[in-house]
Trainee: 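This is the structure, below, for whatever I ask next.
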Amino acid sequence: MIDLHTHTNESDGTCAPLELIDRAMAIGLEALAICDHDTFAGYDQAAPAAKSAGLDLVCGIELSTRLSAERTRDVHLLGYFLHRPPAREFCDWLGGLQAGRRDRNRRLVARLQARGVEIELEEVERMGRSLTGRPHFARVLVHKGYAANSEEAFQKYLDESAPSFVERHAPPVTEGIRRVAEGGGLPVLAHPIRLGIRDPAAEEALIGELRDAGLRGLEAYHSDHRPWDAERYAAVARKLGLAVTGGSDFHGSAKPRISLGTGFDGNLSVPLSVLDELRKL
Ligand code: AMP
Ligand code: FE
Ligand code: FE
Ligand code: ZN
């Protein structure tokens, strides 16, 4: 069993990179990919420990993009096997995304303060390490009693539907695909179910468009996918000539029902052959 989609506390997970390696060894994972949002810090810390433990650790990243300038739906793009250290152009581009995130965070704090919430950017940033995201805002809001739990914090303050929601600059997914490929990596569409496209034909057409833009893989196996979704996505991948990937999207106690390797209440088991196929590309 392998897990090609996990987060550490360098982004919005709660497990330190070394702890994640320990856990992967403890449950006997044959390979692990760290795919933190917008940062390689977790992977870089974990790499030496993985090497001495004999664990096959894959370098990944998860990027937030939009379908297009007009279609603003969030699209999460995974990049695997990017050059380490990354190419200068990729680093600069990533730096721009990180700056956009900080700008969003400043505006979000202002909006929350305008709603009477006592919150400072510094205390939110203290919750995170390399990156500060809305999950860290949720932790502060829960800690201070503004919400009972993270879900409620998102609903009341952070979600698209909340009055204090602020947009973040995110590049079009086609730009993300191009940047990952130019950085030597393999661009993969994360958890396609979250595109929220109900009509399977429309969904396949969109994934086809992304394939034409350079997408190389589809995350068919994911904690959010029911068995029939996973089967559908594996079939779409085969039809479109995309590689299949899979992982739990483990975030530690930030998403307590998702377990490393085995997913949401045990709904996942990704075989090593998936990684072997990916490496052939
Ligand atoms: P950000 O990248 O800072 O905008 O934060 C996005 C992250 O927030 C996602 O990757 C999810 O992990 C988390 N998230 C988004 N919506 C929700 C929600 N309704 N409840 C809990 N977590 C969420
Ligand atoms: Fe996340
Ligand atoms: Fe994601
Ligand atoms: Zn993820």
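Indexing begins at 1, ligand by ligand and atom by atom, following the structure's order. FYI, side chains are in, hydrogens and waters are out, and symmetry mates aren't considered; it's all heavy atoms of this structure. FYI, the numbering just counts along the sequence from 1.
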Trainee: Run the numbers for me: atoms of ligand 1, each under 4.0 Å from some heavy atom of Arg104, listed by number.
Mentor: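 Those atoms are 1 (P), 3 (O), 4 (O).
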Trainee: Pairs of nitrogen or oxygen atoms closer than 3.5 Å, one from Arg101 and one from ligand 1: do any exist?
Mentor: yes
Trainee: Salt bridge between Arg66 and Glu175, side-chain N to carboxylate O under 4.0 Å?
Mentor: no
Trainee: List ligand 1 atoms under 4.0 Å from Gly133, heavy atoms only on the residue side.
Mentor: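 Those qualifying, in numeric order: 3 (O).
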Trainee: Is Leu260 reachable from Ile21 through a run of I, L, V, M, F, W or Y residues, each pair having side-chain heavy atoms under 4.5 Å apart?
Mentor: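 Yes; Leu260 is reachable from Ile21 via cluster members.
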Trainee: Can you report which non-hydrogen protein atom sits closest to atom 10 (O) of ligand 1, along with the distance?
Mentor: His37 CE1, 3.4 Å
Trainee: With the Fe ion (ligand 2) as the reference point, give the N/O/S atom of Asp12 that is nearest.
Mentor: OD2
Trainee: Using the rule that Ile, Leu, Val, Met, Phe, Trp and Tyr join whenever any side-chain heavy atoms are under 4.5 Å apart, tell me whether Leu272 and Leu281 fall into a single cluster.
Mentor: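 In one cluster: yes.
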Trainee: To the nearest 0.1 Å, how far is atom 13 (C) of ligand 1 from its closest protein heavy atom, and which atom is that?
Mentor: Phe154 CZ, 3.7 Å
Trainee: Identify the closest protein heavy atom to atom 20 (N) of ligand 1: which residue and atom is it, and at what distance?
Mentor: Glu151 OE2, 3.2 Å
Trainee: Without swapping roles, check the side chain of Ser130 against the backbone of Ala41 for a donor-acceptor pair under 3.5 Å.
Mentor: no
Trainee: Judging by distance only, is a nitrogen or oxygen of His76 under 3.5 angstrom from one on ligand 1?
Mentor: no
Trainee: Using the six-membered ring of Phe40, assess whether NZ or CZ of Arg84 lies under 6.0 Å from its centre and within 45 degrees of the ring axis.
Mentor: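 Yes; both conditions hold, so Arg84 lies above the ring face of Phe40.
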Trainee: Classify the angle between the aromatic ring planes of His225 and Tyr233 as parallel (below 30°), tilted (30 to 60°) or perpendicular (above 60°).
Mentor: tilted
Trainee: Answer yes or no: does atom CD of Glu160 have more than 12 heavy-atom neighbours from other residues, nucleotides or ligands under 6.0 Å?
Mentor: yes
Trainee: Do Leu63 and Val180 touch side chain to side chain, with heavy atoms closer than 4.5 Å?
Mentor: yes
Trainee: Between Ser150 and ligand 1, is there a nitrogen or oxygen pair with a distance under 3.5 Å?
Mentor: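 No: no nitrogen or oxygen of Ser150 is under 3.5 Å from one in ligand 1.
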Trainee: Quick test of your reading of the model: are Glu123 and Arg126 salt-bridged, counting only N-O distances below 4.0 Å?
Mentor: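 Salt bridge between Glu123 and Arg126, a charged N being under 4.0 Å from a carboxylate O: no.
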Trainee: Which single N/O/S atom of His5 lies at minimum distance from the Zn ion (ligand 4)?
Mentor: NE2
Trainee: Among the N, O or S atoms that His37 has, which is closest to the Fe ion (ligand 2)?
Mentor: NE2
Trainee: Should the pair His251 and His37 be assigned to parallel (<30°), tilted (30 to 60°) or perpendicular (>60°) ring geometry?
Mentor: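 The rings of His251 and His37 sit tilted, inter-plane angle from 30° to 60°.
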Trainee: Identify whether the distance between the nearest side-chain nitrogen and carboxylate oxygen of Lys255 and Asp12 falls below 4.0 Å.
Mentor: no
Trainee: Which heavy atom of the protein is the closest neighbour of atom 11 (C) of ligand 1, given with residue, atom name and distance?
Mentor: Lys255 NZ, 3.9 Å
Trainee: Would you call Glu167 and Arg107 a salt bridge, using N to O less than 4.0 angstrom?
Mentor: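 Salt bridge flag = no for Arg107 with Glu167.
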Trainee: With the Zn ion (ligand 4) at the apex, how many degrees lie between OD1 of Asp249 and OE1 of Glu62, rounded to 10 degrees?
Mentor: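 OD1 of Asp249, the Zn ion (ligand 4) and OE1 of Glu62 span an angle of about 180°.
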Trainee: Taking only heavy atoms of Pro135, which atoms of ligand 1 are found under 4.0 Å from at least one of them?
Mentor: 5 (O), 7 (C), 8 (O), 13 (C)
Trainee: Just heavy atoms, cut-off under 4.0 Å: does Asp159 contact ligand 1 by side chain, backbone, both, or neither?
Mentor: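 The answer is the side chain of Asp159.
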Trainee: Any salt bridge between Glu203 and Arg198, counting N to O under 4.0 Å?
Mentor: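 A salt bridge is absent here (no side-chain N lies under 4.0 Å from a carboxylate O).
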Trainee: Can you check whether Arg134 has an N/O within less than 3.5 Å of an N/O in ligand 1?
Mentor: yes
Trainee: Using non-hydrogen atoms of the residue, decide whether Gln155 is closer than 4.0 angstrom to ligand 1.
Mentor: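 The answer is no, since Gln155 has no heavy atom less than 4.0 Å from ligand 1.
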Trainee: Which of the atoms of ligand 1 are close to Asp12, meaning less than 4.0 Å from one of its heavy atoms?
Mentor: 10 (O), 12 (O)
Trainee: Taking backbone and side chain together, does Glu62 place any N/O/S atom at a distance below 2.8 Å from the Fe ion (ligand 2)?
Mentor: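 Under 2.8 Å: Glu62 has no N, O or S contact with the Fe ion (ligand 2).
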Trainee: Suppose we only count N/O/S atoms under 2.8 Å; would His7 qualify as near the Zn ion (ligand 4)?
Mentor: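 Yes, within the cut-off.
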Trainee: How about His7: does one of its N, O or S atoms come closer than 2.8 Å to the Fe ion (ligand 2)?
Mentor: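 Checking His7: none of its N, O or S atoms is under 2.8 Å.
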